[in-house]
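Let me begin by presenting the structure, written as structure tokens, before commenting on it.
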There are 2 protein chains.
Amino acid sequence: MVMGRPRSFDADMALDEAMEVFWRHGYDGASLAMLTKAMGIKAPSLYAAFGSKEGLLKAALDRYAQRRSEHMRYVLAGPSARAVAERFLSSIAESHTDPANPPGCLLVQGGLACGAGSENIPFELASRRAQTETELRERFIQAKQDGDLTDDADPAALARFLSTVASGMGVLASSGANRDALREVARVSLSAFPGHRERGGAML
Amino acid sequence: MVMGRPRSFDADMALDEAMEVFWRHGYDGASLAMLTKAMGIKAPSLYAAFGSKEGLLKAALDRYAQRRSEHMRYVLAGPSARAVAERFLSSIAESHTDPANPPGCLLVQGGLACGAGSENIPFELASRRAQTETELRERFIQAKQDGDLTDDADPAALARFLSTVASGMGVLASSGANRDALREVARVSLSAFPGHRERGGAML
DNA sequence: AGACTTATCTACCACTCGATACAAAAGTTG
DNA sequence: CAACTTTTGTATCGAGTGGTAGATAAGTCT
């Protein structure tokens, strides 16, 4: 079998550049001109490798998920439900303000609402966000079986709460909020989580 | 002084239609064709009335803020800081899943990231989101002076937390989450707020 | 009525969008 | 080297983008 002309660019490196463009400008806001320039390739190479603009986004999302999976493994390996929540929000505060990336979260910045012809992009992103929530929920269900969470705790509600706060932190970070602001949100959020030490003082 | 031909459309009604388009498709995703069709006017009328696509968005945002201001007045009139927080998150859960509007929040859906030529849109939206946070913060500062919040409470942190949860709920709603899901997030979030009745059971 | 002012409509502008046809180039294999 | 396969660059496609020029219509004021 003959091999043909070899690809002259590294697909993963190109995906990293594409990811950044989608992250910073959203799906609709990321033009082919921006993408090809950032990736250092011409349009036909892009289409040969990824099929379409949407295919490129999906490939970038896969790579994004892959990058995050190790962090998420660490998060879920926390010794208790509360530790998992702490690790989760803390890692979100760091990653969403990592100067190596655009601020916020690709799964939020990428496009909550899109124009004609891109209607399925928001679904794609939502489904990937839901995956994190599912991982947290299953971890909390496990925690409940382990007796680590009380019987009246609601794993699904807690997971959804954390996932929602994470999305909110993405919005906050994209507005230019600094790392300390996100850490503070994480701290306050954690006091909604079972197992925290109640702060002193009578209130209300 | 002569008056000239009167406008044949109601600017506020047209703005409501434009608002919905921006809400559902975002700034970049909302094309002039969509907007003029929804508003029932032709492009020159739109430009005569609002100056540009960006001017139209700003007018729609003004109207959005105006609509919300009455709700916000009710929220801020809560008898205690905690009541304010309850009213705030509760009203967010309802409004973000109001079937009369697109799901989520215009200030989030409108565009966290935009393409070339729309770079200031995200700033515009962020500044309007920040306004709500400021209103909450000032209300909580007042609550602290009234002795309604303890000395160790941090009004800025609480306001930012609530604002962040609200943004997260916007993302959640835009993913298709129903009203009960948002109410649940509101309920969990409130347990992070000073003055709640701690749930029973030892944890961790 | 007639002058004046403003809005509306049709048609169109230059430009960008995502995507592709085609030929030249760069490899591998026999 | 020659046959073959795939990638690359140039040049371009039709459709859609935000925005506008110019003529006409619809009012108000004298």
Side-chain angles (χ1 to χ4, degrees), chain A residues 1-15 17-19 21-22 24-61 110-111 113-122 124, chain B residues 1-15 17-18 21-22 24-60 110-111 113-122 124:
Chain A
M1 187 51 184
V2 199
M3 280 316 218
R5 178 173 176 174
R7 184 173 286 163
S8 67
F9 63 94
D10 182 278
D12 282 339
M13 284 189 189
L15 271 182
E17 301 300 325
M19 189 192 304
V21 175
F22 283 129
R24 201 175 291 280
H25 296 286
Y27 182 79
D28 278 346
S31 70
L32 262 291
M34 285 181 189
L35 289 165
T36 53
K37 182 177 178 184
M39 298 169 81
I41 62 177
K42 301 298 166 59
S45 299
L46 192 160
Y47 280 83
F50 305 104
S52 65
K53 188 184 175 185
E54 184 171 340
L56 176 62
L57 175 71
K58 288 183 180 173
L61 290 176
C114 283
S118 320
E119 291 90 352
N120 43 335
I121 302 299
E124 182 70 31
Chain B
M1 186 53 184
V2 199
M3 280 315 219
R5 176 172 177 175
R7 185 174 284 161
S8 67
F9 63 94
D10 183 279
D12 282 338
M13 285 188 188
L15 273 182
E17 300 300 325
V21 175
F22 283 131
R24 202 175 292 281
H25 297 286
Y27 182 80
D28 278 346
S31 70
L32 262 291
M34 286 181 189
L35 290 165
T36 54
K37 181 177 179 184
M39 299 168 81
I41 63 178
K42 300 298 165 60
S45 299
L46 191 161
Y47 279 85
F50 305 105
S52 65
K53 187 183 177 186
E54 184 172 339
L56 176 62
L57 175 71
K58 288 183 180 172
C114 285
S118 320
E119 292 90 351
N120 41 336
I121 302 298
E124 182 70 30

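All values derive from a computational prediction rather than experimental measurement. Naming convention: chains lettered A, B, ... in sequence-line order (proteins, then strands); numbering from 1 in each chain.
- Here D/dG18 is the nucleotide among D/dG18, D/dT8, C/dC9 with the atom lying nearest to any side-chain atom of B/Y47.
- The B/K42 side chain lies nearest to C/dC9 when the options are C/dA19, C/dT8, C/dC9.
- At a cut-off of 3.5 angstrom, counting only N and O atoms as typed in the model, there is no donor on one side facing an acceptor on the other between the side-chain of A/R5 and the base of D/dT6.
- Look at CG on A/D10: it is 12 Å from P on D/dT8, rounded to the nearest Å.
- Taking atom CD1 of residue B/I41 and atom C1' of nucleotide C/dA7, one finds them 11 Å apart after rounding to whole Å.
- To the nearest angstrom, P of C/dG18 lies 13 Å from CD of A/E54.
- For the pair A/Y27 (side chain) and A/P122 (backbone), a donor-acceptor distance under 3.5 Å is absent.
- Here the side chain of A/S45 is nearest to one of D/dC29, D/dT8, D/dG19, namely D/dT8.
- We find that CZ of A/F9 is positioned 15 Å from C1' of C/dA26, with the value rounded to whole Å.
- Rounding to the nearest 0.5 Å gives a distance of 12.5 Å between CD of B/E17 and OG1 of B/T36.
- Heavy atoms of B/P6 sit under 4.0 angstrom from primed sugar atoms or phosphate atoms, though from no base atom.
- One N or O on the side chain of A/H25 and one on the backbone of B/C114 form a donor-acceptor pair closer than 3.5 Å.
- Remark: nothing in residues 29-40 of chain B comes within less than 4.0 Å of DNA chain C through any heavy atom.
- Atom-to-atom, CZ of B/R7 to P of D/dA25 comes out at 21 Å; the value is rounded to the nearest Å.
- In this structure, B/S8 and B/A116 both approach DNA chain C, and ranking their closest nucleotides by distance from the 5' end singles out B/S8.
- A donor-acceptor distance shorter than 3.5 angstrom exists from the side chain of B/E119 to the backbone of B/G117, with no hydrogens or angles considered.
- Counting only heavy atoms from C-beta on, A/A43 has its side chain closest to C/dT20 among C/dT20, D/dT8, C/dA7.
- The separation between A/H25 atom NE2 and C/dG18 atom C1' is 17 Å, rounded to whole Å.
- Distance from the side chain of B/K53 is smallest to D/dG18 among C/dT10, C/dT20, D/dG18.
- The distance from atom CG of A/L57 to atom P of C/dG18 is 13 Å, rounded to the nearest whole Å.
- The shortest distance between side-chain heavy atoms of A/L57 and A/F50 does not fall below 4.5 Å.
- When atom types are taken as modelled, the side chain of A/D28 and the backbone of A/G115 share a donor-acceptor pair closer than 3.5 angstrom.
- If you take CG of B/L46 and C1' of C/dC9, they are 14 Å apart, rounded to a whole angstrom.
- For the pair A/S118 (side chain) and A/I121 (backbone), a donor-acceptor distance under 3.5 Å is absent.
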